[in-house]
Every structure is written in structure tokens, then in C-alpha cells.
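Only one structure is covered here, and it is reproduced in the block below.
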Amino acid sequence: MNVRSVRGTHDILPGSVELWQEIEEKTRLLFRRYGYGEIRTPVLEETNLFCRSLGLETDIVQKEMYTIPARRGRDISLRPEGTAPVVRSYLENHLNRGSGLTKLYYVGPMFRRERPQKGRYRQFHQIGAEVLGSDHPGIEAEVMEMLHVLLDDLGVRGVRLLVNSVGCPSCRPAYVRILQERLLAESDLCADCRKRSRRNPLRVLDCKQASCSPVIDNLPSILDHLCRECRDHFRRFREFLDLIGVSYSVTPRLVRGLDYYVRTTFEMVTDRLGPTQNALLGGGRYDGLSELLEGPPAQGFGFGLGLERLVLLLSRNDQLAAGYRSPRPEIFFAYLNEDSLEKAFTLARDLRREGIFAYLDFGGRSLRAQMRLANRLGSRFVCVIGDDEIRTGLYSIKRMADGTQTRLQQGRISRHVRSA
RNA sequence: GUGGGCGUAGCUCAGUCAGGUAGAGCACAGGGUUGUGGCCCCUGUGGCCGUGGGUUCAAGUCCCAUCGCCCACCCCA
């Protein structure tokens, strides 16, 4: 076949889609308990939305967006992430009216034009949640606790929570200057880091090159340069985490890619996805984002979780992935000729109307082949229809488990299937 | 964008080193059983050997190019 799915995109087929459904169902149920409402925003947004919110220097904006040219200045792009669209919708639809706190979650596809790799695709899916209208550190801990419960519910083990504070506009610039001075004086950095040192020094902290590690380890920590408010916020946040009993490690090197983050940032990582694709989910606070979009001040906090990565983790967990079996027919109608097919056709319809899973094959197979099919599908009963049955009005019903067979009147079939 | 691996039946893969009629298992279809599944046995369908070019009497196999998939780097979910 010469038509294939586009690079980096994948079909989710029966047999694996059920795991996705289970994840989504558990998520919806849980998030509802925490007061989140679902929001569905368009997959297309003005390119500008992402340029302004994520930052022009980010990889996403620089090279990873699928952009469709449109009227000058109004190009549109497939969304590369979920937070900016939610905030856009929040502002556009005045969702802040009424209560001070707005909790929203979403599930859907995101698009980034990168080289596909294990756990990273061009169309991928995220579950995300955003809390708008509060800058309280407690809500941050609540989100993490909720995620903790979700992963636990799903049977994900071995996930570590990393937390950090990246400061705010009043303290971060000073730190970045100090950092940059130190970095420009260093000679043992990789080529990328030398570039980053000039353009975006914070990103150096994220470098995974082994050769850069010793240098990075000796750099000043942002946590030592937070302003009083940020320091208090971060301390309070950790107190709440302790209170709920969620364990974490403070990771000053955790900077994250997007410009809009302030104060608390976090990731949940696992070593079961490889050394670099280790982030299962990530997020943080973005109090200035609304203003970047020319909205009124509005604090925000949220996360995005990579569904493909979650599925990858769970697929190795036999009880969830390998345990799936397609639904088994309760009764399979096998027929011998065209007349009996018509009878089977109407009988199947009647039983389905009673809520029974009735299976009828149109492959023109021999009776033997139909029996084999019924067996392979795991049907509990098979009804064989031939001239005898039509003449007498008594239908042969075979229980596949033990091979016993009885003859029943049409009206009795459903009860028989149900009872056994 | 850079590097590595792999493209042979619907699926999983042998065959490539040493050029000589295209293979196995599973799946599918028919039969052994004229109206009855599983186990077993027999038979059968199914391949531009990714694509194009080159070398050769002869290419799945050697050479060149190209496309695709996977993995890794970068970065992230």
C-alpha cells in the first residue's frame, strides 16, 4: 500500500485503545472530584498565541510548530501545548466571573514537528489541568497530590516528583545575570551551552551532556537568589506537600522549556522511559501569562501529562495491557443457507434489542468454519439454523463450554442465554 | 538538523557473509466429519524480496542512489 500515516502519527487500534479509554475514564472521574471542569479548545490557534506565551526563543516556537500561512500576521498553527489555548479561552469567555478560582482540564492531541522517537511523536496526546485565579502555594500541592492519586490508581510505580522555583520577574533577572557572568567565564562547556550562555543562560542548567555536569554542579543555585516573596512561596508550597505526605526532591536544575513559568515548576519523571525521555508530566506556575496575552492579571498553575508515555509505562504492566480481550459474543448465529440466514438475521436483531451481544457472520463460510469462528471469538452459545429449525420452529442452541445442545422456541432463546 | 539499525507472505522472521527455481511458523481458506468448535492430520491461497538504476550469462543476495520505519542525539510531554 502506498498510503501511510503521516510521519510521527499513529493509529490507536482496537486492543490498545481500551487502555487509553481506561486512563481517560479514571482521569475524568478523579478530576471531577477535585472540582475540575472539562474544556475543549480548538486544535488550531493563531500562531501569535504561542509566540507570545511560550517565548520566541523556545525550540517549540523556533522550529517545531505546524503553521498554516494565512492573512498577514494571522497565521494559524496546530497547538503544540495546552496551557496557552486554555488561558486564551479563559480570557475570551470571561470564565473568571463569579468565583475567584477556575479549574479546567483537557484531554487531546498536540502537535510538534520533531524527529519521532520512542515516547515522542509529532501528534501526541496530553491530559492537562489548569487552575486559574489563585497564587496560593496550597493549590500547587493539591495538584500534585491529585496526580499522585491518579498514577497510583493507574498502577504506575517508580515515579519521582521533582520541584523547583524559578523565581519571578523581580528576582530572576538578577540571578540570570550572575549565572551568565559565570557561564561566559567557563571554558569547559559544550557548544550548545556556550550558545545558551549568551541567549538563555537558564537552559544551560538543563543540559544533559556529561561533560557539562561538573560545571553545572558548581553554578550558583537559583534557590539562593529568590526574592523574599518567592522564597516564602516555595517554603509554604513544600510545607503543604509535607502535610499531604507527598515525597519530592528539590531540583534547582529543573528549569523547564517555556518562558511563561514563574516560581514553582515541577516534573514527574521515571527511569523506565530511558535516560532523556524520562518526563512523564511537567508543569508550573504562570502568573504573568494572562498579561502576556493582553488580558487582566490572572494567576495560573497547571501541568501537562504525556499520554503516550503513560501508555508506554502501563503497557509493560501485564495486568492492564496484556489483560485486555475483545468482548465475547453471547450468542453466535451459524446458518446453512440463504433461508436460514434470513432467520438468523432477524433473530440476531431481536436479541440485540434485548441488549444481548449477538454475532452473525457474512463471510459465506461453511458451517464448520462458522463454528470455528464462533469458538475463536469465544462465543458462549452458538445457534445453528437450518431447514429443520425453520420447519419446526425449534432452534438448536449449543453451549460452547461443554458442548451441550438443546432445542428452544424462538421466544426462549434470550432467557436461556441470559441465565446460563 | 546529525548519527546508527532495519525494510522478504496479513503478522513474526529465516535466506544476504560465499550470486544459481522464494522459505518457515502463525493467520486465512478447503478437506479428513454431506448440519457442529477447540487437539491432530492433509491440501491450498497469498510475495514488483521498499523503489530506481548499475555490475553479471544470472541479483532477495554485490555496488550506487532514493524513500520509508525504528532507535539515539538535541529538546521536551
Side-chain angles (χ1 to χ4, degrees), chain A residues 1-10 54 57-64 79-83 107-128 190-193 195-196 200 203 206-210 212 254-258 266-270 273-283 302-313 329 332-337 340 363-390 395-405:
Chain A
M1 190 171 79
N2 50 6
V3 184
R4 315 174 130 269
S5 70
V6 170
R7 184 204 296 271
T9 69
H10 295 278
L54 307 188
E57 289 298 317
T58 56
D59 284 2
I60 293 179
V61 169
Q62 293 259 317
K63 54 185 186 184
E64 293 176 2
R79 60 182 184 193
E81 60 104 45
T83 299
V107 180
M110 308 292 162
F111 305 85
R112 292 183 201 173
R113 188 171 188 145
E114 306 172 89
R115 279 292 265 266
Q117 204 179 316
K118 192 188 196 73
R120 192 180 59 192
Y121 310 100
R122 288 185 167 187
Q123 174 174 341
F124 62 105
H125 297 79
Q126 281 192 343
I127 293 175
C190 69
D192 284 335
C193 280
K195 230 176 285 172
R196 293 187 190 114
N200 197 347
R203 301 291 288 286
D206 238 352
C207 182
K208 280 146 186 150
Q209 297 290 326
C212 292
L254 178 65
V255 198
R256 303 195 46 74
L258 312 179
F266 74 106
E267 277 184 9
M268 290 194 187
V269 299
T270 168
L273 286 174
T276 53
Q277 240 81 293
N278 60 353
L280 178 60
L281 62 91
F303 70 89
L305 176 154
L307 265 174
E308 277 79 2
R309 291 181 184 181
L310 184 56
V311 166
L312 223 49
L313 284 177
F332 182 106
F333 284 97
Y335 54 88
L336 287 156
N337 53 44
S340 44
R365 302 164 196 257
S366 64
L367 180 62
R368 183 187 194 206
Q370 291 180 75
M371 291 300 295
R372 280 214 300 218
L373 180 59
N375 183 62
R376 184 154 40 82
L377 295 172
S379 310
R380 297 177 57 220
F381 292 92
V382 171
C383 175
V384 180
I385 302 181
D387 293 336
D388 291 354
E389 283 78 7
I390 290 175
Y395 297 91
S396 310
I397 309 289
K398 180 170 186 172
R399 177 187 297 148
M400 296 297 274
D402 56 12
T404 57
Q405 189 160 318

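So you know, we letter chains A, B, ... as the sequences are listed, proteins then strands, and number each from 1. Both backbone and side-chain heavy atoms feed into the values below; hydrogens, waters and symmetry mates do not.
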Does [X] reach a base, just sugar-phosphate, or nothing at all? Heavy atoms under 4.0 Å.
X	value
A:Leu281	sugar-phosphate
A:Leu280	sugar-phosphate
A:Ser379	nothing
A:Tyr121	base
A:Asn278	base
A:Gly119	base
A:Gln123	nothing
A:Asp387	base
A:Ala334	nothing

Quick one: which protein N/O atoms are closer than 3.5 Å to N/O atoms of nucleotides 25-28 of chain B? Pair and distance per line, please.
from: B:C28; atom 1: OP1; to: A:Arg376; atom 2: NE; distance (Å): 2.7
from: B:C28; atom 1: OP1; to: A:Arg376; atom 2: NH1; distance (Å): 3.2
from: B:C28; atom 1: OP1; to: A:Arg376; atom 2: NH2; distance (Å): 2.8

RNA chain B: 5'-proximal contact among A:Thr404 and A:Arg309 (nearest heavy atom):
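On the 5' side of the pair lies A:Thr404.
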If you check every side-chain atom of [X], which of [options] has the closest atom?
X	options	answer
A:Met371	B:C73, B:G35, B:G37	B:G37
A:Gln126	B:C70, B:A77, B:G35	B:A77
A:Lys118	B:C71, B:G35, B:A77	B:C71

Suppose you measure atom [atom1] in [N] against the same atom in [M]; what distance do you get, rounded to whole Å?
N	M	atom1	result
B:G23	B:G30	P	25 Å
B:G46	B:A9	C1'	6 Å
B:A59	B:C74	P	45 Å
B:U56	B:U61	C1'	13 Å
B:C62	B:A18	C1'	12 Å
B:U21	B:G25	C1'	23 Å
B:C39	B:G52	P	42 Å
B:C49	B:U8	P	11 Å

Counting distance only, does the side-chain N/O of [X] pair as donor-acceptor with the main-chain N or O of [Y] below 3.5 Å?
X	Y	value
A:Thr9	A:Ser5	no
A:Arg380	A:Ala401	no
A:Arg309	A:Gly119	yes
A:Arg122	A:Glu114	yes
A:Gln123	A:His10	no

With sequence neighbours excluded, tell me which residues meet ring-ring contact (aromatic ring centres under 6.0 Å, His included) with [X].
X	value
A:Phe124	none
A:Phe266	A:Phe301
A:Tyr335	none

Between [N] ([atom2]) and [X] ([atom1]): distance, integer Å:
X	N	atom1	atom2	result
A:Ile397	B:G37	CD1	P	17 Å
A:Leu312	B:C71	CG	C1'	13 Å
A:Asp59	B:A77	CG	C1'	14 Å
A:Asn200	B:C74	CG	C1'	15 Å
A:Leu367	B:U36	CG	C1'	5 Å
A:Asp388	B:G35	CG	C1'	8 Å
A:Phe303	B:A77	CZ	C1'	11 Å
A:Gln405	B:G35	CD	C1'	9 Å

Quick one: list whatever passes salt bridge (charged side-chain N to carboxylate O under 4.0 Å, His left out) with [X], sequence neighbours left out.
X	result
A:Glu64	none
A:Glu267	A:Arg256
A:Asp387	none
A:Arg203	none

Could you work out, with side-chain contact (heavy atoms from CB on, under 4.5 Å) as the rule, every residue matching A:Asn375, not counting sequence neighbours?
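By the side-chain contact (heavy atoms from CB on, under 4.5 Å) rule, A:Asn375 matches A:Met400.
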Any N or O donor-acceptor pair under 3.5 Å from the base of B:C74 to the side chain of A:Glu64?
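No such pair is found, so the answer is no.
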Using purine N1 to pyrimidine N3 plus N6-O4 or O6-N4 for Watson-Crick, or N1-O2 and O6-N3 for G-U wobble, both under 3.5 Å, which nucleotide pairs with [N]?
N	value
B:G3	B:C71
B:C62	B:G54
B:C40	B:G32
B:A24	B:U12

Tabulated below should be each protein N or O lying under 3.5 Å from an N or O of nucleotides 1-12 of chain B; please produce it.
from: B:U2; atom 1: O4; to: A:Arg115; atom 2: NH2; distance (Å): 3.3

Are OP1 or OP2 of B:C73 and a side-chain N or O of A:Gln117 less than 4.0 angstrom apart?
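Yes, within the criterion.
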Quiz question: by atom type and distance under 3.5 Å, do the side chains of A:Ser396 and A:Glu389 form a donor-acceptor pair?
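Indeed, the side chains of A:Ser396 and A:Glu389 share at least one donor-acceptor pair under 3.5 Å.
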Under 3.5 Å, N/O pairs linking protein and nucleotides 38-42 of chain B:
from: B:G38; atom 1: O4'; to: A:Asn375; atom 2: ND2; distance (Å): 3.0

Non-neighbouring partners of A:Arg112 that pass side-chain hydrogen bond (donor to acceptor under 3.5 Å, both in side chains), sequence neighbours left out
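By the side-chain hydrogen bond (donor to acceptor under 3.5 Å, both in side chains) rule, A:Arg112 matches no residue at all.
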